Visitor: 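There's a structure below that I have some questions on.
Remember, predicted model here, so these are calculated numbers, not experimental data. All chains are named by letter (A, B, ...) in the order of the sequence lines, taking the proteins before the strands, and each is independently numbered beginning at 1.
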Protein chains: 2
Amino acid sequence: MIPGESQFCIQYGITRMTVRQGLRLLAEEGMIESFRGKGTFVTRPRYNELTLELPDSQPVSSEGANVKLLGVGVVIANNEVASILKLRSRTKILQIRKLLLLNSRPVAFDRRFIIYRKGQPVIEKEIHYAAFPEFVSKHMGLTASRNQVTFSAVNLDEETARTLGTSAGKPGLRIEQLVLGGEDQPLGWSVMICDGERYRLQAITKGFFE
Amino acid sequence: MIPGESQFCIQYGITRMTVRQGLRLLAEEGMIESFRGKGTFVTRPRYNELTLELPDSQPVSSEGANVKLLGVGVVIANNEVASILKLRSRTKILQIRKLLLLNSRPVAFDRRFIIYRKGQPVIEKEIHYAAFPEFVSKHMGLTASRNQVTFSAVNLDEETARTLGTSAGKPGLRIEQLVLGGEDQPLGWSVMICDGERYRLQAITKGFFE
DNA sequence: CAGTGGTCTAGACCACTTA
DNA sequence: AAGTGGTCTAGACCACTGA
């Protein structure tokens, strides 16, 4: 525990608002935590929160990056998609398939499945440039409450490998996103498979990972 | 652009400090951004910052998790390590090799390379339980300023596969950490290779990824 | 120059915790 | 009851921006 706010006021001859400003800066950096009635404490290291600051040079949304639309359409959900989106089997969904290019070479293959809203126009520009949770929110006409991301490693299957211009069995980074609305009902699911040899996710972190 | 702070004071009959408190809450959520002399603006969606909230059930530091120390010692850095840590070739470094177990089965193989400080004791407990940046800071006796993490996908090589109890060519998630001190000089490097079939990194995000 | 946000003062009342 | 942090008032001066 560190001294109380009024202690600092006396010690440095400054107002409590000013002390609080200083403490807030430390709190934002995750160094301290305050509890009403108890006091302010130096935090224990946190392992469960990790802020990634992605450099602008990431393939996604960087300079040499480009998007090639492979297909947009309303299809019948297969069992996997239906189960993940918690839909009855054989429900209609909106499917988008994209290819991410970096310097005109494919680096990632992206499939997106969104709960289908009849009569809702699908704007091509948004497919190209909107981030997935953003796109889902717009299509559904509501704000997504949470976005669950899963990173994993896979071996590229025959089809994906062909699409990415590499060979089956090579490593692939799989980035899955599940966009959740109110009461955590799933609104959309996205699976992006990246060429493991040409794509890496690099970031500066705050907080500890391991 | 949203109205000026003094506008809100008049409109709601409250103090500027109170208005600022409200605006700060919005700023912390990433909804608005302020610029001195210019004004306060609604932010464009940010793609470059991603906060991962890792659930406590992550293999790293979760219940069934365990650490097996494979070896600790001072060794001569090979060319790869020397180049990454920006050391002259054939410099002595501290090397730690660990195995992460989940329910008594290995899920990840971790190698850590830290700039060697003579006479600095290496405490076994810290090897087991401290996060990498934390361990490096303690060993070097200074605070690490930044931590750069890289996620990528690889195929397991013969040796790693054997260590993880699986077979070569299977997918592996590679998590690399480079701990940087003041003036961004490298202090330590860690490479963790996870069994792609048994480990996935799952998180709730704030901000957009793609 | 007027308008903006950033910082600070010197108070005040409140909700909460702990002894 | 004493001490803690959370919130708010009613001012003030400053650095910066843009017309």
Visitor: Name the residue closer to the 5' end of DNA chain C, choosing between M17(A) and K38(A) according to the nucleotide with the nearest heavy atom.
Guide: M17(A)

Visitor: Quick one: which residue pairs count as a salt bridge (Lys or Arg N to Asp or Glu O under 4.0 Å) with a foot in residues 4-23 of chain B, not counting sequence neighbours?
Guide: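 Sorted result for residues 4-23 of chain B: E5(B)-R16(B), E5(B)-R20(B).
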
Visitor: Residues of residues 1-8 of chain A with any non-hydrogen atom less than 4.0 angstrom from an atom of DNA chain C: list those, numerically ordered, please.
Guide: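 None - not one residue of the stretch has a heavy atom sitting under 4.0 Å from the strand.
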
Visitor: Give the C-alpha distance, both sets of side-chain angles, the deciding distance and a yes or no for side chain to side chain donor-acceptor pair (under 3.5 Å) between T150(B) and Q202(A).
Guide: CA-CA 4 Å; T150(B) 307; Q202(A) 194 171 81; 3.1 Å; yes

Visitor: Looking only at side-chain N and O atoms, does Q177(B) offer a donor or acceptor that is under 3.5 Å from a partner on W189(B)?
Guide: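 The answer is no; no qualifying pair exists.
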
Visitor: Would you say K98(A)'s side chain and I127(A)'s backbone share a donor-acceptor pair under 3.5 angstrom?
Guide: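 Yes, because the side chain of K98(A) sits within donor-acceptor range (under 3.5 Å) of the backbone of I127(A).
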
Visitor: Take atom CZ of R105(A) as the centre, draw a 6.0 Å sphere, and report whether it contains more than 12 heavy atoms from other residues, nucleotides or ligands.
Guide: no

Visitor: Under 3.5 Å, sequence neighbours excluded: what are the donor-acceptor pairs made by side chains of residues 34-42 of chain B?
Guide:
| from | atom 1 | to | atom 2 | distance (Å) |
| --- | --- | --- | --- | --- |
| S34(B) | OG | T40(B) | OG1 | 3.1 |

Visitor: At 4.0 Å (heavy atoms only), tell me whether L23(B) reaches a base, stays on the sugar-phosphate, or touches nothing.
Guide: nothing

Visitor: Strictly by salt bridge (Lys or Arg N to Asp or Glu O under 4.0 Å), give each pair with a member in residues 68-84 of chain B just once, sequence neighbours left out.
Guide: none

Visitor: Between T15(A) and T40(B), which is nearer to the 5' end of DNA chain C once each is assigned its nearest nucleotide?
Guide: T40(B)

Visitor: So where does chain A start and stop touching DNA chain D, 5' to 3', when the test is distance under 4.0 Å to a non-hydrogen atom?
Guide: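 Boundary nucleotides touching chain A, in 5' to 3' order, are dG3(D) to dC8(D).
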
Visitor: Regarding S34(B), tell me which of base, sugar-phosphate or nothing describes its non-hydrogen contacts under 4.0 Å with the strands shown.
Guide: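 Here S34(B) touches the backbone only, sparing every base.
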
Visitor: Give me each pair satisfying salt bridge (Lys or Arg N to Asp or Glu O under 4.0 Å) with a member in residues 83-92 of chain B, each pair once, sequence neighbours excluded.
Guide: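 Every pair satisfying salt bridge (Lys or Arg N to Asp or Glu O under 4.0 Å) with a residue in residues 83-92 of chain B: there are none.
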
